[in-house]
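Here the structure comes first, spelled out in structure tokens, and everything after it is commentary.
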Amino acid sequence: MINITLPDGAVRQYESGVTALDIAKSISEGLARKVLAAQVNGEVWDASRPIQQDAQLKLLTWNDTDGQMTFWHSSAHLMAEAVESVFPGVKFWVGPALESPKGFYYDMDLGDRKMTEEDLATLEKKMHELSKQGNAYVRKEMPKQEALNYFSGKGDEYKLDLLANLADGEITFYSQGNFTDLCRGPHIPHTGLIKAIKLTSIAGAYWKGDEKNKQLTRVYGVSFPSQKELDEHLTMLEEAKKRDHRKLGKELGIFTMDDDVGPGLPLWLPNGTVIIEELEKLAKETELAAGYKRVVTPHIAKESMYLTSGHLPYYADSMFPAMEMDGEKYYLKAMNCPHHHKIFDAEPKSYKDLPLRLAEYGTCYRYEQSGELFGLMRVRCLHMNDAHIYCTKEQFAQEFKAVNEMYLKYFKIFGIEKYVMRLSLHDPAKLGQKYINEPELWLETEELVRQVLIDTKVPFVEVKGEGAFYGPKIDVQIWSAIGREFTLATNQVDFAQGRRFKLSFTNQQNQPEVPLIIHRAPLGTHERFIGFLLEHYAGRFPLWLAPVQVKVLPISDKFLPYAREVETRLKQADIRAEVDDRNEKIGKKIRDTELMRVPYMLVVGEKEMNEQQVAVRRQGKGDAGALAVDDFIRAAVLEIKERKSE
RNA sequence: GCCGUUGUAGCUCAGUGGUAGAGCACUUCCUUGGUAAGGAAGAGGUCUGGGGUUCAAUUCCCCAUAACGGCUCCA
């Protein structure tokens with residue numbers, strides 16, 4: 001007999017070799033039907049795998065992330081079985097479960113054949129058939145040699161490649177129905193649990209994620225224990241689509257793209273420009289208070305400067321090609337730093353001038369590959385909340401900390417609660433190619449940054465091979481309301497460019513010394529940040545950011561003069577106000593204004609005119625009662641000034 | 001850049017081998033209406049661009065281009 005400890009601390013005795021499924025059955029049949037997998041001593045196992053010794057056991061169902069992941073992984077196998085029956089001879093690579101977006105995929109080599117959208121329906125049908133058979137997922141351990149023989153017999157170079165990295169004794173196979181695959185597992189008990197299936201898309205994916213390799217066919221899907229859950233999932237996806245910044249950006253008149261202007265080059269419409277200007281106002285206030293100085297620089301520069309900076313050759317792939325002028329090559333700037341360095345260098349500097357903080361909302365142009373462009377999130381023309389801090393080694397920690405604090409201040413204003421700072425390091429294997437070849441400086445600076453992060457108690461993770469070409473950086477990862485993750489901003493340490501530009505200041509010992517440089521852009525770029533905000537607020541911007549803050553809605557034309565009078569008073573208080581002077585009924589005016597997400601609607605009719613009042617309506621919240629015009633203005637002005645998020 | 005899908009009115013989308021349709025938006029008129037769509041009439045399209053097949057192409061084929069879903073790459 002062995003002792004099984006359940007999560008509530010209860011200890012039960014079973015015969016050795018008992019399975020999690022048996023244990024579930026001994027508790028209740030209903031539970032047994034729901035069990036997908038089991039956590040045995042912290043490790044996720046098949047629910048049907050025999051347990052030989054005393055163990056801590058947690059039964060995993062759909063309510064557990066690991067249960068869902070197991071479910072989707074098994075669904076990938078089920079899909080593979082269906083694919084094999086429709087495309088005999090197909091070779092499979094890997095088929096993992098995905099947490100975000102939910103579901104699974106399987107990468108496969110179809111040879112000369114092509115899979116189309118119509119095939120997905122066929123495959124779904126096949127999967128349902130196989131699911132109804134309720135075939136068990138059967139685990140089998142296999143010696144390496146036997147596995148090698150099996151796959152070389154099949155001529156399956158993909159699985160042989162996987163086997164090459166596995167040691168004898170850790171090789172397992174899983175079978176269900178007519179399908180057998182090399183797989184670590186675990187799997188759910190049987191295919192019958194997979195009741196609702198949706199194959200979502202076909203895409204190309206490079207083998208092992210390397211663009212030099214062959215492109216495999218990847219099929220994405222998602223599955224659930226019941227149709228109801230699938231429907232809910234699909235509804236959620238529909239909701240997410242409504243918050244997509246590309247859709248909202250069009251509906252709210254924020255930005256547009258035009259084929260004649262070019263891909264990745266957004267045109268900012270009047271409404272979007274208001275938001276840009278409010279963000280810049282915030283940045284200017286914040287930066288001036290933090291001792292920054294503002295500068296303005298040209299959008300282009302000569303080749304020689306980018307040779308000095310190292311952008312050429314390290315960053316050449318991301319720059320627009322050169323323009324020839326008077327026998328010189330000029331480049332559009334992809335970053336503002338070189339220009340700022342030249343400003344630092346314009347006059348001799350003493351340690352008394354440091355730290356020097358130069359800020360600019362700089363316009364940069366980057367040649368992003370066509371397939372990478374994505375709404376406002378990835379563009380070719382961007383406006384960066386950029387600044388460079390030139391400081392001594394002694395000042396570095398304090399300056400770096402102050403930058404982190406600025407991030408936190410912004411996060412608070414915008415209500416950004418979920419974020420991670422990612423310390424991005426160099427990859428020693430790519431020194432001299434992707435990274436400036438200064439191995440010791442890399443290590444030294446990386447340690448410096450790590451230490452500051454630890455000291456300032458900011459939560460962070462480390463990633464190799466993500467650094468800038470001139471130094472380590474901290475990428476700030478955030479998640480939009482619809483679950484899209486992206487890098488909002490970076491905060492970089494630069495030990496290379498100071499020397500490359502021969503920047504120096506005179507230290508207290510009257511000796512020249514190279515300053516350390518911090519690159520920082522807490523608000524990232526207007527493009528990405530406003531794209532984020534659109535999704536974050538679902539287009540319902542807080543009052544201070546709203547393109548139109550107040551819309552005055554006269555009940556009928558008779559009250560237009562009074563509406564104009566209210567508008568004038570609002571504008572005198574620097575409130576962005578408009579009158580809806582269309583010949584429409586009040587219900588229509590309210591509907592259209594609601595859809596444009598204007599924060600306040602002021603309905604004015606006979607009663608309001610006589611009382612010098614406005615009937616206030618808050619977007620999304622309905623009628624809020626009448627107020628004297630002055631009282632409304634006072635409250636609105638305060639809400640704007642404090643940049644309240646409601 | 002690579003794989004796949006798509007491109008029809010300002011927007012969202014039907015549709016057809018015989019040179020096009022709806023709803024919303026727009027214009028004009030009627031209506032002056034109290035918290036999410038009042039009514040009528042009208043105007044609006046080189047069916048993404050180029051080439052091919054055909055008596056005839058928006059429709060079929062090829063190329064280009066852009067967007068979208070991924071891969072790779074990045075703020």
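No experiment lies behind these values; they were computed from the predicted model shown.
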| query | Which is true for A:M377 with a 4.0 Å heavy-atom rule: it touches a base, it touches only sugar-phosphate, or it touches nothing? | reply | base
| query | Once you round it to whole Å, what is the distance between C1' of B:G4 and CG of A:D107? | reply | 14 Å
| Interatomic distance, A:Y562 OH vs B:U32 P [rounded to whole Å] | 24 Å
| field | Watson-Crick or G-U wobble mate for B:G69, both contacts under 3.5 Å | value | B:C3
| task | Please figure out whether A:C381 or A:Q369 has its closest RNA chain B nucleotide nearer the 5' end. | result | A:Q369
| query | What nucleic acid atoms does A:G375 come within less than 4.0 Å of, heavy atoms only: base, sugar-phosphate, or nothing? | reply | sugar-phosphate
| query | Just wondering, are more than 12 heavy atoms of other shown residues or ligands nearer than 6.0 Å to CD in A:E99? | reply | no
| Whole-Å distance between B:C3 P and A:R218 CZ? | 16 Å
| Just to confirm, is there a sub-4.0 Å distance from OP1 or OP2 of B:U12 to any side-chain nitrogen or oxygen of A:K250? | yes
| query | What integer distance in Å separates A:D580:CG from B:A36:P? | reply | 15 Å
| message | Taking side-chain hydrogen bond (donor to acceptor under 3.5 Å, both in side chains) as the criterion, tell me which of A:E360, A:R357, A:Q492, A:H519 meets it with A:H388. | response | A:H519
| note | From CG of A:D244 across to P of B:C68 the rounded distance in Å is 9 Å
| request: Searching all strands shown, indicate the nucleotide that pairs with B:A36 (Watson-Crick or G-U wobble; both distances under 3.5 Å). | output: none
| said: Measuring only the P atom in each nucleotide, how far is B:G33 from B:U19? A whole number of Å is fine. | reply: 50 Å
| task | Taking only Lys NZ, Arg NE, NH1 and NH2, and the carboxylate oxygens of Asp or Glu, determine whether A:K607 and A:E611 approach each other closer than 4.0 Å. | result | no
| With both distances kept under 3.5 Å, what pairs with B:A14, Watson-Crick or G-U wobble? | none
| said: Under 4.0 Å, heavy atoms only, any strand: does A:G371 hit a base, just the sugar-phosphate, or nothing? | reply: base
| What is the distance, rounded to the nearest whole Å, between atom NZ of A:K588 and atom P of B:C24? | 8 Å
| With a non-hydrogen cut-off below 4.0 angstrom, is A:A205 in contact with a base, only sugar-phosphate, or nothing? | sugar-phosphate
| request: Pick base, sugar-phosphate or nothing for A:D259, based on heavy-atom distances below 4.0 Å to the nucleic acid. | output: sugar-phosphate
| B:A9 - base-pair partner by Watson-Crick or wobble geometry, distances under 3.5 Å | none
| Roughly how far apart, to the nearest Å, are B:C63 and B:C2 at atom P? | 13 Å
| request: Pick the P atom in B:G7 and in B:U58, then give their distance to the nearest Å. | output: 15 Å
| query | Please give, in whole Å, the distance from B:A25 P to A:N583 CG? | reply | 14 Å
| query | Is a donor-acceptor contact shorter than 3.5 angstrom present between the side chain of A:E372 and the base of B:G70? | reply | no
| query | If we take the P atom in both B:A57 and B:G17, what is their distance in whole Å? | reply | 14 Å
| Between A:Y220 and A:R218: side-chain donor-acceptor atoms closer than 3.5 Å | yes
| Rounded distance (Å) that lies between atom P of B:G1 and atom CD of A:E368 | 12 Å
| said: Classify A:R528 by what it touches in the nucleic acid, base, sugar-phosphate, or nothing, heavy-atom distance under 4.0 Å. | reply: base
| field | Phosphate contact (B:C68 OP1 or OP2) by A:R246 side-chain N/O below 4.0 Å | value | yes
| Using a cut-off of 4.0 Å on non-hydrogen atoms, how would the nucleic acid contact of A:K607 be classed: base, sugar-phosphate, or nothing? | base
| Sugar-phosphate only, base, or nothing, as touched by A:F486 at under 4.0 Å among non-hydrogen atoms | nothing
| request: Go through the steps for A:R246 and A:D244 under the test salt bridge (charged side-chain N to carboxylate O under 4.0 Å, His left out), then give the verdict. | output: CA-CA 5 Å; A:R246 292 166 297 186; A:D244 190 303; 2.6 Å; yes
| Does the ring centre of A:H536 sit less than 6.0 Å away from the ring centre of A:F414? | no
| query | In terms of side-chain heavy atoms of A:R591, which of B:G70, B:G34, B:A37 is nearest? | reply | B:A37
| task | Answer yes if the side chains of A:D475 and A:T487 hold a donor-acceptor pair under 3.5 Å, and no otherwise. | result | no
| field | Whole-angstrom distance between B:U59 and B:C71, as gauged at atom C1' | value | 33 Å
| Mind checking the C1' distance from B:U54 to B:C60? Whole angstroms is fine. | 10 Å
| task | Using only side-chain N and O atoms of A:S370, determine if any of them is under 4.0 Å from OP1 or OP2 of B:G1. | result | yes
| message | When the P atoms of B:G10 and B:G45 are compared, how many Å lie between them, rounded to an integer? | response | 8 Å
| With a non-hydrogen cut-off below 4.0 angstrom, is A:F529 in contact with a base, only sugar-phosphate, or nothing? | nothing
| Below 4.0 Å: OP1/OP2 of B:G1 and any side-chain N or O of A:Y367 | yes
| query | So what does A:E527 touch, heavy atoms closer than 4.0 Å: a base, only the sugar-phosphate, or nothing? | reply | nothing
| remark: Across every strand shown, the nucleotide meeting Watson-Crick or G-U wobble geometry with B:U27 (both distances under 3.5 Å) is B:A41
| Taking the side chain of A:R617 as heavy atoms from C-beta outward, which of B:U32, B:A75, B:U35 is closest to it? | B:U35
| query | Do you know which of A:F460, A:F532, A:F411, A:W479 makes ring-ring contact (aromatic ring centres under 6.0 Å, His included) with A:Y419? | reply | A:F411
| When you check the phosphate oxygens OP1 and OP2 of B:A75, does a side-chain N or O of A:K473 lie under 4.0 Å from one of them? | yes
| message | Please classify the nucleic acid contact of A:A615 as base, sugar-phosphate, or nothing, using heavy-atom distances under 4.0 Å. | response | base
| Candidates B:U72, B:G38, B:A75 - which lies nearest the side chain of A:E584 | B:G38
| message | Regarding B:G70, can its base be found pairing with the side chain of A:Y206 as donor and acceptor, where the two atoms are less than 3.5 Å apart? | response | no
| message | Measuring only the P atom in each nucleotide, how far is B:G69 from B:C13? A whole number of Å is fine. | response | 14 Å
| task | Quick one: label A:G524 by what it contacts on the DNA or RNA (base, sugar-phosphate, nothing), any heavy atom closer than 4.0 Å. | result | nothing
| task | Using Watson-Crick or G-U wobble geometry with both distances below 3.5 Å, tell me the partner of B:U46, or none. | result | none
| Between A:R617 and A:Y600, is NZ or CZ placed under 6.0 angstrom from the six-membered ring centre and within 45° of the ring axis? | no
| request: Determine which nucleotide pairs with B:C60, using a 3.5 Å limit on both distances of a Watson-Crick or G-U wobble pair. | output: B:G52
| request: Please figure out whether A:G264 or A:D623 has its closest RNA chain B nucleotide nearer the 5' end. | output: A:D623
| task | Just call it for A:S201: base, sugar-phosphate, or nothing, with non-hydrogen atoms closer than 4.0 Å on any strand. | result | sugar-phosphate
| request: Could you tell me whether a side-chain N or O of A:Q549 sits under 3.5 Å from a main-chain N or O of A:A577, the two making a donor and an acceptor? | output: no
| field | Donor-acceptor pair (no angle test) under 3.5 Å: A:Q215 side chain, B:C2 base | value | yes
| task | Would you mind classifying the nucleic acid contact of A:Q619 as base, sugar-phosphate or nothing, using non-hydrogen atoms under 4.0 angstrom? | result | nothing
